[in-house]
Every structure is written in C-alpha cells, then in structure tokens.
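Note sheet for the following structure.
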Amino acid sequence: MQNTLKRLLAFAFVLLSLQPALAQQQALQTPEQFLGYTLGKEFTTHARITDYVSYLAQQAPNRIRVQEYGKTYEGRPLLLAYVASDENLPRLEQIRENNLRQAGIANGQVQGKQPAILWMSYNIHGNESVSSEAVLQVLYDLVDPNNQQTKKWLENTVVILDPCVNPDGRERYVQWYKQTQNRGGNASPYAWEHYEPWPGGRPNHYYFDLNRDWAWQTQIESKQRMAQYNQWLPQVHADFHEMGPESPYYFSPAAKPLHESITPWQRDFQYTIGDYNRKYFDQNNWLYFTRENFDLFYPSYGDTWPTFNGAIGMTYEQGGSGRAGLAYKKQDGDTLTLTDRIAHHHIASLATLQATAEKADQLTQEFRKYYDNNLKKPAGDYKTFVFRADDRSAGNLKALTDYLDQQQIQYGYAGKSSSSKGFNYATGKEESVRVNQNDLVVSMYQPKSTLVKVLFEPNSNLEDSLTYDITSWAMPYAFGLQAYALKNHLEPGSQKPAKTATAIKVERPFAYLARWNSLQDVKFLTELMAQKVKVRMSEKPFEMENRQYEAGTLIITRTGNEGMGDKLDAVVRTTAEKHGVPLQASTTGFVSSGADFGSGSVRFLKMPKVAVMSGEGVSPYAFGEIWHYFEQQIGYPVTVLGTGYFGNVPLHEFDVLILPAGSYGRVLNEQALEQVKNWVRGGGKLIAMESAAGFLAGKKDFNLQKKAGDETVEKEKAKETKEDPYKLLRAYGDRERDAISDDVQGSVFRVNLDKTHPLAFGYGDTYYALVRTSDTFSFMKEGWNVGVLKKDNYATGFVGAKAKERLKDALILGTQPMGRGQVVYLADNPLFRGFWHNGKLLFGNAVFLVGQ
Ligand SMILES: [Zn+2]
C-alpha cells in the first residue's frame, strides 16, 4: 500500500513536473526565450532575425506565412511575413486578387469580405537598427494566440511585414558594433562604438540609399521588393527609421511641402494615424514631434511612393541611428537605450495596426475611389504623354518601357499620325505637336495615373521650398527623350510597335555600323570589347547609302578582326540583338560624305583598364554609383583603389582613374598629385567628378577655375539696402528660408553641348542635367568647354535666387589635354542615384570615348 502510494505520488510528481515542460514546449517562444537574451540587450544578427521569423511560421502556420522574395547583393535572404486571422490566412491569394480588382488592375468582382492591407517596412537604412529588433516583438504580439487585442485587429486587417529591407547594410553596422562595443555598451557619447567607420551601415552593398530608390528601383533589393508590393498595393504603408540620437520621435502628420497629387483623404488620414500614435505616446509620457522635417514631395521615399500608389504612406523616426548603440547619454543627461527605442517603434507599429483595423472599411472604400478617379477622372492638365520613336531613341525608349513595366504603368504605341497641342519638353513651351506612328503613348486614363502625373509632369508645384531633397525628376528629361505632354486624351493604337527594323541582308559585310545614343550602346561596345572584337568610332558625322550617321557611330570592320574568323558576324549580331541595338551593314569603306573608314578620324577604341577611388574621404554614395554602373549596369571590370594606400599604387597599371565626389586634401597631397599628373602626361585619363573637380580647380597645371562668388547678387543687394536700409532687418525666424536662396536642390538644366567633342557624342546640342550644386566653374581659357550653362538654361525644379545667378555662364562638362593624356571634369554627377538614365551615356563617353 505504502509502495503503491509512493509510486502514485511519484507518478503524480512526474506528471506535475512534466506538465509545465510540455506546456512550455508548445507555447510560442517570445523573442527573449528564442534568442536567449532580452530584446535591447544585444543587437540581433540578420541570421537570427531570419531564424525567429521562420520559427514563428513553423509554430503558428494558421496565423503567419513567410515568403523569401529574393536575395541581397551579398546573398542574404529577403523576407516577407504575412499575418492574418485564422479565417483570412487560407484565402490570402483571394484577398490579394480582390485588392487588385478594387484598384482596377485585375479583372473580376471582389469576392468575400475584403480586409484592409497594412504593409510595414523595417530597417531600410541599415544602421537605423532598432527597427529590425522592434519588429520581432511586433511579430510575436501578432502571432501570440493569447493576445486578444491583436486577434481582434487582425479580424479585418492583413499585415505584411518586411522585417529587414536592407540586410547588407544592417549587418555591416551590427557586426562592426559587436566588434567595437564595450561589454554591455558604453553610454559615453565619446565611446568608439558611437562613431561608425566609413562608409557606415545606412546604404546597401553598392552604397545606395534604398530610401531614395522606391520610385527608381535601381537596386536589386528595391526591384524584388517592389515587384511584391505591386502585387499587393496596401492601403497603409509604414516605414520605420531612425534620426539623430538627440531627437525624440517623429510620426505623421508629415511636414510641408506635400506634393499636390496627395488627396485630401490621404492628408486627413495622416492626422488620424497621428492621433492613434499620440494617444500611446502621451500615456507613456514620451516626447515626439509631428509636421516638421519629414515632407512628402520627392517621390522615391517609403512614404511618398506608396502614397502615389493609393496608400497612406508614412515615415516613423526614432531618435538613435548608428550613433546610439546600446545606450547613449544625451545632452540633457538622460540615457537613451536600445530598449527605449524598441518600445517606441513597437508601440507605433501596433498603433498603426489599430488605426488600420478600426478604419478598415473606410480605408478600402477610399482606396477604391482613389483608383476609380485615377482611371476615369485623372488629375492635372495633361492627359497624354508622347515620346518620339526614331532611329536615335530605340535604346532610351527600351529603358523607359522596362521602367514602366516595373511600375505597372500601361502604355502603347500611336497607330497613326495625328496633330495635337501640348507642352514640348525640349523648348519648355506649349506648341502644336505632331504625333507619329509608333511614338510611345502613355494615357492618363489608367489605374496608375497619379504616379504617371508625378513622374512625368514637367513641373512639380512646390508649395514650400523647404524640402530636403531634389525638386525635379521629370522622366522625359531623365530618359533623354523627345517628349510632349498633351492636353487631349489620346489612347495608344496598339500594344506593340509596328515592325520597321529590316534584317541585315548582306551576309559578310565590309563593316557593321551601330549608332551611339544610349546606355544600350555602351553595353554593346563593352561586351564586344570583352569578346576581343576590335571596334572603331567615327569622330565625324558621315553619310553613306543615303543614311546620315552622327559622330560617335561605332564601326566594326572585318579588317582588324581577322582573328575572329567566321565567328565575327555571329558575335556582332547576337550581341547587338541582346542589347536591342539596331545594326546596319555596309559593303564598302567609302562614305558619300565625311571620313572613310580608313581615315585617321575613325578611331580605334582601346579597351581601357579602369580604376576608381574609394575609401575614407570619398563620398560613399558617389563611389557606389560608379561601382554599380560598372558591375551591375554595363558589366565591365573595374578596380577599386582605397585612399588608405593610394600612394603605393603603380598607376601605369591603369588607363583611367575616376575620382568620385569627396575630399581629397589628404590622399592627393602635393606629392601624390604630382604622381597623378605624371601618369596623365604619360597617357592616363583622369575623370574628376563634382567636388573632386572642385579640388583640382585652381591647382597647378589644371585649367579649371571656380566661378567667382555672388558678385552680381551682392551688388544688387548693396544697391537695394542703400535705397532702403530697413531691408537689413531680417527676422531670425526666417533664417532657414533665407539660407535656401543659396541652394539648388536637384533641378533640371539644359546643358549646351559642343557636339563635335567625344564627351558629347550621342546627344546632339543638349544634355538635360540634374544639377544639385551651385559650385560651378568658369569657362576654361585652355581646354574644351564641352557642356556649359548659358543665361537661360534653367528647365524645371527649385533654384534659390543666388544659386540661379551662379548657374549662369558656367562650365559643367569639360576636358583638358595634359601631355599625352586627358583630364575630364564632370561638375555634375551624371550617375546620381543611378536613375538619371540620360547621364549614363555621358559617363560612358568619358570612360570609353574621350582621348581615344
Ligand atoms: Zn532612415
């Protein structure tokens, strides 16, 4: 009996002790339980973030689904987590289709009850690292079966979370921090762990700012993410960031300027969401600000781009970023901890979900209305955009249609010629316009017409000039196309252009000819070079067989390519086809006017060995744009040289050295600069961009000179204040506004080109530049002033009065011979953010044509 009792008791004990163990195994692990530390005590690596998200998906398949939507440049997985109610998760696909039906993008009727869709993105700036910590807690709360609150909100909301938009950047920061930090973190603002080294964790692998890339989608992360986004088109999008550690917290409503295309409903809802956030922040006595700093104008942010796609788009900013580490002592004596930062983003995420859930019906209704208006009553004066299709525009048009496809913007081609009235982007005037058959036509009567308006319209109305980004981006200029905005509605006649290209009839021609007009042609050239095909280029325009060819035309003769044997024709033809380059064939080397193919002005193009400067002192963005250009856009080998050991590099190993924007005082000291000059004299080509050109200006042997200050403006002012001394009494409160008269924040200018110079080949008389600086140069007395701004070259965008003055009669693009070599000055950066398509040929000219 005793024994039995003992045994029973023992059994009961086992049961009792087993039960919590079993329960624990089944219960969903919190981030703390899973990771082995409390969130905020350490930074979580991207691999562990991924692990936890996958764990949740395994444990709660009725509540969360995880999709790997791509990989970063460095091979890290990109994830989306879809969280929905037990009822909605199995019908996710139907909900997605319904949503596109509501937008008029998919056919058919909405089936079943349609929830609102909320998309939240975290950590797009890699070193704004709190976001990917906070999302782990948010995910847990959404998936936790005992959380009645989130369960209720999920009844009518589907939540899509991107736990880390920029894993490569985040990992650059987190790994550095872990290697550098004092145990547990050191709050002293002077500790090393608060001073990230070059280039910092903010950008992605190629040092692109992904939060300037939403609209342009030049980076692999953006491309893959936006393909998913366009499948969903959420009603609400929240983008989680950080700002400097001394600032508290920012949430909507946004600051002015708001783009005029933002609807009253979208403006109002910014306040609604603000109210939800405010409530929680007030309850906790947390400081915040609204309606300052973060405006809604430039279309390529995580708040504006979703807004122009029908969502309520918002930025959230926590104080911290790469400066704050695990703990940071602020000027007011308080210590900001990672734990605090997590708490704020966590609450803001949930408040956003609550706002979406409680207003779900209204959100979906307004979303339908938005897209209905887009389709039937598109806003703005212009109802059709037309892009000229001709011999020269094939490459740029291809780039544009690829871009439109990415954006889900519909387009077609004019079926027949017609006459209209409209705005001519080239002249900046309203005039009569001839639309030709096969011109590309984009009608505003389509679901994405707001986006079309924002991206294409010649002028974006700026309600307030205090914005912290570029103010112009009109796509017709960016793509270098002859374009017109028409006030009348013109539907495209067909989805495909009528066939005009004629196949090459000559089997073994004397030479192949390819025009030089776009980045496609640069790709064609460099790929031929890589295949050891010898390519020549005509420095002069010529005419043959009744066709006109401009300077820069590529000529591939059989002579010189004997080594290729019979393969030559196949290689040239397939490479041309691959890049969409129209080829001509000639049976002779004789031209009816211009220089014959054997002439000295038909230059052989050597395949240059290219080096680019990088490292401390160089602008990571400016360098990254060049790096990305070579590796990802044209696929051409480039050697990256570090500023740290530049003095030891034998420059004769390279033909071209590119200096991106940066400060070169240290690396190019007198001795190093002498070495560079000697290398140029021996035949090297130095390409100095933006502030690198500024660094060389005025230095011995360099002919570039900075433009003398603001004399005209100052004279004007002196005269004014003499007449009326009260003009000197400026208000302190206006100081920011006064300062912007010095600014040009990314505006479009017509650059007058010397089209006979190889740097300008492919453009004709004009290049549209996105000018972002008023530090300009005078015309050179010796050397070639290839691209200049004359008196009235402003096209569109905001330019302060003083800046406008300095941008008159200024040199933008120039070259000077030095010994047997060349120096190329690009005062403007044609590769800015990788989206100014029209600049990519210009950069190709600098690298591959100039000095050959
Ligand atoms: Zn940010």
Side-chain angles (χ1 to χ4, degrees), residues 121 124-125 128 165 202-203 208-219 222 225-226 229 237-239 241 243 250 252-263 266-267 270 291-317 380 403 406-407 448 450-479 621 625 736 740 743-749 768-773 795-800 803 828-829 831-837 839:
S121 303
I124 189 163
H125 288 142
E128 295 170 7
V165 176
R202 180 185 173 95
F208 272 64
D209 185 333
L210 293 181
N211 198 36
R212 302 294 181 274
D213 196 43
W214 287 77
W216 321 132
Q217 299 164 29
T218 66
Q219 299 302 290
S222 319
R225 187 175 77 258
M226 304 325 286
Y229 190 100
H237 179 259
D239 199 23
H241 287 260
M243 54 190 160
Y250 162 85
S252 319
K256 285 181 176 177
L258 266 66
H259 194 284
E260 60 178 348
S261 292
I262 300 173
T263 65
Q266 288 174 320
R267 287 163 197 247
Q270 291 254 331
R291 292 159 293 176
E292 287 180 73
N293 293 5
F294 302 100
D295 64 68
L296 296 177
F297 192 68
Y298 173 70
S300 205
Y301 297 133
D303 47 21
T304 44
W305 191 87
T307 300
F308 301 135
N309 283 275
I312 309 299
M314 293 164 305
T315 292
Y316 290 87
E317 298 271 353
Y403 178 70
Q406 240 173 299
Q407 299 282 349
K448 290 239 180 159
T450 299
L451 188 63
V452 174
K453 177 177 183 296
V454 172
L455 295 175
F456 286 23
E457 64 189 357
N459 278 300
S460 293
N461 210 351
L462 199 57
E463 61 175 357
D464 188 321
S465 43
L466 277 183
T467 173
Y468 77 142
D469 216 300
I470 61 169
T471 56
S472 185
W473 46 79
M475 289 292 110
Y477 296 124
F479 282 90
Y621 298 115
E625 285 150 8
E736 270 187 274
I740 60 169
D743 276 12
V744 50
Q745 281 161 308
S747 301
V748 181
F749 282 77
Y768 288 92
L770 182 70
V771 175
R772 294 176 304 117
T773 173
T796 170
F798 172 78
V799 190
D828 162 70
N829 175 6
L831 302 182
F832 178 64
R833 290 182 188 164
F835 89 101
W836 202 255
H837 182 79

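Note that the structure is a prediction, hence the values are computed from the model and not measured.
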So does [Y] get a backbone contact from the side chain of [X], meaning a donor-acceptor N/O pair under 3.5 Å?
X: Gln407; Y: Ala215; answer: yes
X: Ser300; Y: Arg212; answer: yes
X: Gln217; Y: Tyr403; answer: no
X: Gln266; Y: Ala311; answer: yes
X: Glu625; Y: Gly834; answer: no
X: Ser472; Y: Ser747; answer: no
X: Trp836; Y: Phe479; answer: no

Does a side-chain heavy-atom distance below 4.5 Å link [X] with [Y]?
X: His259; Y: Val454; value: yes
X: Arg225; Y: Ile124; value: yes
X: His241; Y: His125; value: yes

* Inter-residue atom distance Met314.CE - Thr304.OG1, 0.5 Å rounding ->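 Output value for this atom pair is 13.0 Å.
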
* **Between OG on residue Ser252 and CZ on residue Arg291, distance to nearest 0.5 Å** =>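 Going from the OG atom of Ser252 to the CZ atom of Arg291 covers 11.0 Å.
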
* **Pair Phe294-Tyr250, ring pair (Phe, Tyr, Trp, His ring centres under 6.0 Å): steps then yes or no** => CA-CA 9 Å; Phe294 302 100; Tyr250 162 85; 4.7 Å; yes

* To do: Quick one: do Thr307 and Ile312 satisfy side chain to side chain contact (heavy atoms under 4.5 Å, CB included)? Show the steps, please.
  => CA-CA 5 Å; Thr307 300; Ile312 309 299; over 6 Å; no

* So which of Trp214, Phe308, Tyr301, Trp305 actually passes ring pair (Phe, Tyr, Trp, His ring centres under 6.0 Å) with His237? ->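 Answer to the ring pair (Phe, Tyr, Trp, His ring centres under 6.0 Å) test with His237 among Trp214, Phe308, Tyr301, Trp305: Trp214.
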
* Asked: Given Leu210 and Gln219, is the side chain to side chain contact (heavy atoms under 4.5 Å, CB included) satisfied, shown in steps?
  -> CA-CA 8 Å; Leu210 293 181; Gln219 299 302 290; 3.7 Å; yes

* For Thr315, the option from Asp303, Asn211, Asn293 that meets side-chain hydrogen bond (donor to acceptor under 3.5 Å, both in side chains) ->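 That would be Asp303; it is the only one of Asp303, Asn211, Asn293 passing the side-chain hydrogen bond (donor to acceptor under 3.5 Å, both in side chains) with Thr315.
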
* Asked: Going through the checks in order, is the side chain to side chain contact (heavy atoms under 4.5 Å, CB included) test met by Leu770 and Phe749?
  -> CA-CA 7 Å; Leu770 182 70; Phe749 282 77; over 6 Å; no

* Cationic tip of Arg833 above Tyr298 ring, under 6.0 Å, 45° of axis ->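 Satisfied, under 6.0 Å and within 45°.
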
* Taking the six-membered ring for Trp, are Phe297 and Trp473 ring centroids under 6.0 Å apart? ->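 So the answer is yes for these two rings.
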
* To do: Starting from the C-alpha separation in whole Å, work towards a yes-or-no answer on side chain to side chain contact (heavy atoms under 4.5 Å, CB included) for Leu451 and Asn309.
  => CA-CA 7 Å; Leu451 188 63; Asn309 283 275; 3.9 Å; yes

* Thinking salt bridges, do Glu260 and Lys453 make one under a 4.0 Å N-O criterion? ->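 Lys453 and Glu260: salt-bridged.
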
* Below 4.0 angstrom, N of the basic side chain to O of the carboxylate: do Arg202 and Asp209 qualify? ->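 Judged by the 4.0 Å cut-off on N to carboxylate O distance, Arg202 and Asp209 do form a salt bridge.
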
* If the plane angle is over 60° it's perpendicular, under 30° parallel, otherwise tilted; pick one for Phe835 and Trp216. =>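 Phe835 and Trp216: parallel rings.
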
